[in-house]
Student: 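Below is the structure I would like to discuss, written out as structure tokens.
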Amino acid sequence: MRFLLLLWALPLCAQVAAVRENYSKYEYRVPMRDGVRLFTSVYVPKDVVTDGKSYPILLQRTPYSVRPYGVDQFRDNLGPSPLFLAEKFIFVYQDVRGRNQSEGDFALTRPHKPVKTSPKDTDESTDAYDTIEWLIKNVKGSVPRVGIWGISQPGFFASAATIDAHPALVAVSPQAPVTDYYLNDDSYHNGAFMLAHRFRFYQNFRPQGMEAGTPFNFGTPDGYEFYLNLGSLANAEEKYFKRTQPFWTQHMENTAYNEFWRSRSIWRHFKNTKPAVLTVGGWYDAEDAMGPLRTFNEIEKNSPVGKNMLVMGPWTHGGFARGDGDRVGNVNFGAKTGLYYRQNIEFPFFLHYLKQKGDGNLSKAWIFETGMNQWRRFDAWPPKAAVSRTLHLAPNGQIAATAPAAASFEEYVSDPNRPVPYLAHVSLAVRPDYMTEDQRFAATRPDVLVFKTEPLEEDVTWTGPIEVQLKVSTTGTDSDFVVKVIDVFPGDYPDFNNPPPVPGAPPRPEPANAIKMGGYQQLIRGEPFRGKYRKSIEKAEPFVPGQPDFIKFELPDVAHTFRRGHRIMVQIQSSWFPLADRNPQKFLDIPNARPADFVKATQRVYLGGADGTKLTVKVLP
């Protein structure tokens, strides 16, 4: 452990030297069954040669490059964390098909082919299989026990490896995995396009040979300003991408959940999974919060052979792999959750399945409960003990345990030319910590409805998904409805990020815009829903202006305790910009909307009676 602590503290050049001192590097072009060769870097512990030792393999397949290239050029890290470098494995990094130094054609989340009739029928599961087969036969010092891990898109490739897995593949960890770009991962959330993130991402992530020569110049630090001036999504294609970025074009041409997206839904093929799987996600992942939950759930319900496990912690995208994990934005958890996960969950998982060390006593669900800020272990997710409770939105901004007898409504005017921002401050990129952001700024806008409980008399713990039933109408023919669940802190809540000054010490200067944690409105969950998909995510249908209709959907899972003295708040609005693109509030093909199409609409949210707006949650007794 002392060596490990020293390794963590080393500067970058010294980390490279540590890898070079203990590992030999080899580069191969590994043949697939169709003859395509994939560039593969292999790092082998030197004592394989000097002492005749042998090791299991840890593999990562990535579209983001296995740099540095060249047998004399070494990475500054190996494996998921420094713990693995010290323990020693054979580490393998591979450029996936069609990316960087590998041959073949790249496809965005390549469709899986469940029926294969010839060696030409390849997908990411066959490429993983063929890679493992070659490695265990050709890498000196390897033993036929292989683990795969990856974060984000590499998480997708890890998931694909579980399908018809190679017998030597015994441990897989999809981490913040892309699981379905359309169904609430990176690209679309309930039909709404994740504008700011996708625009910026596809400026950089381009097909081979079409890379941007220079970084894109936004001309402003203010994303709200840039995307509002952009106008229609059609302008992004005409002004900036100019049909030279097929990944962006594919998104613009496939705005409903059609065959293009269904064929890329890797989760539909998680059946009879044989390797042990440890799926990892972050409660505050702005890109793939839903992917880990869907991966775990689909494997679980389709009779896995190997052990299926879930870890959810208070992390942004990939935050579990770096840093202490003790805070996200303004919210402090009082615990080094990232370090805990790497030492006590991830490392023991691979150590057990690859080296048969440890007892393997890992929980089915290892969940960090925010609010209480503590780890909890469950034998199922959501927990079996959780019971359903319904929160009814009521007049005068109230939330009630029972539906108001009398039906009523609240209304607001939504103007897509003055959309509700997702942040109160200037930011160009989507801030990874927006999912804990203070919502007080939004609560003051006339186009945001606010409902809240009285201060809670006891702790209330929600676990699992949040079911939303909106009863709404619009004077337009299409509209978005954004639902946000918020934890309102009491006025005397302490600021754990800024402890009180030492008595007698001079006062610390405070910035004029310093956040006060008393009364903080912490976003817990929020999702947009594009109203035209309320009947089916596959087929759009216009609203009848002024006619009430229902929108039913789920907010992704939570594990959060609203503490005694806090309030539960729900906000409803019709834009969340530029996180999501603007809805013109006319029923049309939004990527081809023009300036005149963006019009105001009056939105009504209906309360009470037999079918008023409500949220259903699972509460731990």
Side-chain angles (χ1 to χ4, degrees), residues 190-192 386-414 420 439 442-443 445-456 460 462 464-488 521 523-537 541-556 558 562 567-576 583 585 601-619:
N190 302 304
V387 295
S388 293
R389 294 285 185 269
T390 301
L391 286 74
H392 299 269
L393 304 193
N396 303 315
Q398 296 181 326
I399 295 176
T402 58
S408 62
F409 64 83
E410 300 282 353
E411 69 178 20
Y412 59 95
V413 176
S414 169
V420 180
Q439 300 301 304
R445 287 183 58 119
D447 51 356
V448 177
L449 297 183
V450 179
F451 303 86
K452 59 185 176 183
T453 65
E454 294 298 317
L456 300 174
V460 177
W462 292 7
I466 301 169
E467 297 176 15
V468 177
Q469 175 184 291
L470 297 176
K471 184 178 181 181
V472 296
S473 66
T474 176
T475 56
T477 49
D478 186 19
S479 282
D480 289 355
F481 290 90
V482 179
V483 177
K484 298 185 293 187
V485 173
I486 295 158
D487 185 340
V488 183
Q521 295 180 7
L523 182 63
I524 302 301
R525 269 288 175 261
E527 287 290 331
F529 195 102
R530 185 136 291 166
K532 64 183 177 183
Y533 295 115
R534 67 199 180 282
K535 306 293 185 184
S536 168
I537 201 68
E541 182 176 321
F543 282 97
V544 177
Q547 180 174 303
D549 209 337
F550 294 95
I551 298 175
K552 298 178 181 180
F553 67 106
E554 286 186 351
L555 305 184
V558 298
F562 299 86
R567 297 173 186 254
I568 300 170
M569 175 183 284
V570 175
Q571 293 182 2
I572 299 176
Q573 58 203 54
S574 286
S575 52
W576 212 13
N583 190 323
Q585 303 182 149
T602 299
Q603 322 287 42
R604 287 185 174 179
V605 176
Y606 294 87
L607 315 173
D611 55 7
T613 297
K614 62 185 179 181
L615 278 67
T616 302
V617 301
K618 293 187 178 296
V619 178

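No experiment lies behind these values; they were computed from the predicted model shown.
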Student: State, yes or no, whether a side-chain contact exists between Gln398 and Lys452 at a heavy-atom distance under 4.5 Å.
Tutor: no
Student: Within a strict 4.5 Å, meaning less than it, do heavy atoms of the Leu607 and Pro395 side chains meet?
Tutor: yes
Student: Restricting to salt bridge (Lys or Arg N to Asp or Glu O under 4.0 Å), what partner residues turn up for Asp611, sequence neighbours left out?
Tutor: Lys471
Student: Check whether any side-chain heavy atom of Thr477 sits under 4.5 Å from a side-chain heavy atom of Pro545, and report yes or no.
Tutor: yes
Student: Heavy atoms only: give me the nearest Asp447-Val413 pair and the separation to one decimal.
Tutor: CB-O, 3.3 Å
Student: Please check if the side chain of Arg534 supplies one atom and the backbone of Gly531 the other of a donor-acceptor pair under 3.5 Å.
Tutor: yes
Student: Answer with yes or no whether the side chains of Thr474 and Gln603 bring together a donor and an acceptor at under 3.5 Å.
Tutor: yes
Student: Test side-chain contact (heavy atoms from CB on, under 4.5 Å) on Phe550 and Gln469 and set out the steps.
Tutor: CA-CA 7 Å; Phe550 294 95; Gln469 175 184 291; 4.0 Å; yes
Student: Taking the side chain as every heavy atom from C-beta outward, state whether Pro556 and Glu527 have any atom pair closer than 4.5 Å.
Tutor: yes
Student: With rounding to the nearest 0.5 Å, note down the distance linking CD in Gln439 to CD in Gln521.
Tutor: 7.5 Å
Student: Which pair of heavy atoms, one from Ser479 and one from Phe481, lies closest together, and at what distance?
Tutor: CB-CE1, 3.9 Å
Student: What are the two closest non-hydrogen atoms of Phe451 and Leu449, and how far apart are they?
Tutor: CE1-CB, 3.7 Å
Student: Within the structure provided, determine whether Ile572 and Leu470 are in side-chain contact (heavy-atom separation under 4.5 Å).
Tutor: yes
Student: Can you see which heavy atom on Glu554 is nearest to which on Pro465, and at what distance?
Tutor: OE1-CB, 3.6 Å
Student: Rounded to the nearest 0.5 Å, what separation is found between the CZ atom of Arg530 and the CD1 atom of Ile537?
Tutor: 10.0 Å
Student: Who are the ring pair (Phe, Tyr, Trp, His ring centres under 6.0 Å) partners of Tyr412, not counting sequence neighbours?
Tutor: none
Student: Heavy atoms, side chains only, cut-off 4.5 Å: are Ser574 and Gln585 in contact?
Tutor: yes
Student: Kindly indicate whether the side chain of Gln547, heavy atoms from C-beta on, has any atom under 4.5 Å from the side chain of Ser473.
Tutor: no
Student: Write down the atom of Asp480, the atom of Ala192, and the distance for their closest heavy-atom approach.
Tutor: OD2-CB, 4.4 Å
Student: Can you name the nearest heavy-atom pair linking Ala403 to Gly609, along with the distance?
Tutor: CB-O, 3.7 Å
Student: Any non-hydrogen side-chain atom of Lys535 less than 4.5 Å from a side-chain atom of Asp549?
Tutor: yes
Student: For Phe529, enumerate each residue passing the ring pair (Phe, Tyr, Trp, His ring centres under 6.0 Å) test, keeping only those at least two apart in sequence or located in another chain.
Tutor: Phe553
Student: Using side-chain contact (heavy atoms from CB on, under 4.5 Å), reason through Val420 and Val482 one step at a time and then give a plain yes or no.
Tutor: CA-CA 10 Å; Val420 180; Val482 179; over 6 Å; no
Student: How far apart are the C-alpha atoms of Val485 and Trp462, what are their side-chain angles, what is the distance that settles it, and do they pass the side-chain contact (heavy atoms from CB on, under 4.5 Å) test?
Tutor: CA-CA 11 Å; Val485 173; Trp462 292 7; 3.6 Å; yes
Student: Can you tell me if Thr602 uses its side chain to pair, donor with acceptor, with the backbone of Thr475 under 3.5 Å?
Tutor: no
Student: Distance check, rounded to the nearest 0.5 Å: Ile524 atom CD1 versus Ile486 atom CD1?
Tutor: 8.5 Å
Student: For the pair Ile466 and Val483, evaluate side-chain contact (heavy atoms from CB on, under 4.5 Å) and give the outcome as yes or no after the intermediate values.
Tutor: CA-CA 11 Å; Ile466 301 169; Val483 177; over 6 Å; no
